[in-house]
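Structure record follows, encoded as structure tokens.
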Amino acid sequence: MSRISRLPSSLLRAAACTGAAALALTACGSGSGSGSASTGAGEVKVGLITKTDTNPFFVKMKEGAEKTAKAEGVKLMTAAGKFDGDNAGQVTAIENMVASGVKGILITPSDSKAIVPAIEKAKAKGVLVIALDTPTEPQSAVDALFATDNLKAGELIGEYAKAAMKGRTAKIAALDLAPGVSVGVQRHNGFLKGFGITDKDVACAQDTGGDQSKGQTAMENCLQKEPGINVVYTINEPAALGAYTALKAKGREKDVLIVSVDGGCTGTRAVKDGKIAATSQQYPLKMAAEGVKAVVTYAKDGKKASGYTDTGVTLITDKAQDGAASKDTAYGLENCWG
């Protein structure tokens, strides 16, 4: 018998709630057990699997799921990859949750294609599977998708950037995510659409992985390639802040327009401080809350959620432009995450 197996049950539960794979074995943040979703066969279990448990976006998503699970009287089981891209960890979490008898699983896929076989196995056993934030490839691999319209998010900041340039010639740097990642591709293409350009009009494109330090390096590289860059599109706000740091080091932070996507609290404060001109805000708490409710509905009457549900996106800026509908940072800070 292992040493951990002789620990008190309360400690075992705590340990399970901190390990990525073990999270799938424990009902963390559970409801009271007397809610409307309880059945004769026992309380309904809902699984939530995120890419990581450290990213503020997924922390807020988990918060939304926990709050809704408590209100609905269901057990919430949570798991996360050890790092962004940990498909194996997510596969293990799905398998563990199915074995534990979950009625539905909410997942933000780390690898939109590689996760599909595990999802199909879960669905074959009667588990409702809903993707949050990131679609699977194909999207039809899950029963439903609750997410930001990432193409629209990119389009909003593209329209804003074009309006803010007021007819001046734009020399654009695109600080992207990584090749082939659907969220990154959609935001990038949306920005191009909103600005009314194609990739041929982008002076410099670099991948950042959504990381601040890599965003800084990418911006430095772009400035070496094209010193006259005056518009910067970034996949998210950490990359945007990295770009700002690089521009400030060159004394150019005042004359380069930076636009981004996400709407986290740090990013929204950066908009308020003038480091980022505008960002498209998305709502992870709503994604998770609606997902939990969908599983509860399925448990109660067998009705499955289907198709795509847009959980909303709002352009946030304190420098409004004609033709680009927006809300100010006061609104953004009231609705941000992280």
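Everything quoted here is computed from the prediction, not taken from an experiment. What's counted below: heavy atoms across the whole structure, side chains too, no hydrogens, waters or symmetry copies.
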Shortest non-hydrogen contact between [X] and [Y], atoms and distance:
X      : Y      : answer
Ala289 : Thr68  : CB-OG1, 3.2 Å
Thr148 : Tyr308 : C-OH, 3.3 Å
Val183 : Thr134 : CG2-OG1, 3.7 Å
Gly81  : Asp86  : CA-OD2, 3.6 Å
Thr329 : Asp318 : OG1-OD2, 2.7 Å
Leu315 : Ile157 : CD1-CG2, 3.9 Å

Does the [X] side chain pair with the main chain of [Y], one donor and one acceptor, at a distance under 3.5 Å?
X      : Y      : result
Asp176 : Asp207 : no
Asp328 : Tyr331 : yes
Thr317 : Ala277 : yes
Asp201 : Thr198 : yes
Lys193 : Gly154 : no
Thr279 : Ser260 : yes
Glu253 : Thr245 : no

### Message
Working to the nearest 0.5 angstrom, can you tell me the gap between Lys250 NZ and Asp255 CG?
### Response
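The distance works out to 13.0 Å.
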### Query
Distance from Cys265 atom SG to Lys272 atom NZ, nearest 0.5 Å?
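It is 12.0 Å, given to the nearest 0.5 Å.
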### Message
Using the rule side-chain hydrogen bond (donor to acceptor under 3.5 Å, both in side chains), only one of Asp262, Thr311, Asn335 pairs with Gln282; which is it?
### Response
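Going through Asp262, Thr311, Asn335 one by one, the side-chain hydrogen bond (donor to acceptor under 3.5 Å, both in side chains) with Gln282 is satisfied by Asp262 alone.
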Under 3.5 Å side-chain donor-acceptor pair for [X] and [Y]:
X      : Y      : result
Thr314 : Tyr283 : yes
Thr108 : Asp133 : no
Tyr160 : Ser326 : no
Gln321 : Lys162 : no
Thr309 : Glu290 : no

Heavy-atom check, side chain of [X] versus side chain of [Y], under 4.5 Å:
X      : Y      : result
Lys300 : Val44  : no
Met219 : Thr234 : no
Asn230 : Arg168 : no
Ile130 : Val142 : no
Leu48  : Leu132 : yes

### Query
So, is the end of the Lys51 side chain (NZ or CZ) under 6.0 Å from the ring centre of Phe58 and within 45° of the ring's axis?
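No - Lys51 does not lie over the ring of Phe58 by the 6.0 Å and 45° rule.
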### Message
Testing Leu247, Val271, Leu175 one by one against Ile258 for a side chain to side chain contact (heavy atoms under 4.5 Å, CB included), which residue passes?
### Response
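Going through the options one by one, the only one that passes is Leu247.
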### Worked check of side-chain contact (heavy atoms from CB on, under 4.5 Å) between Ile105 and Val98
CA-CA 9 Å; Ile105 293 174; Val98 171; 4.2 Å; yes
### Query
Any link between Ile235 and Phe195 through a network of hydrophobic side chains (Ile, Leu, Val, Met, Phe, Trp, Tyr) touching at under 4.5 Å?
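Hydrophobic grouping puts Ile235 with Phe195.
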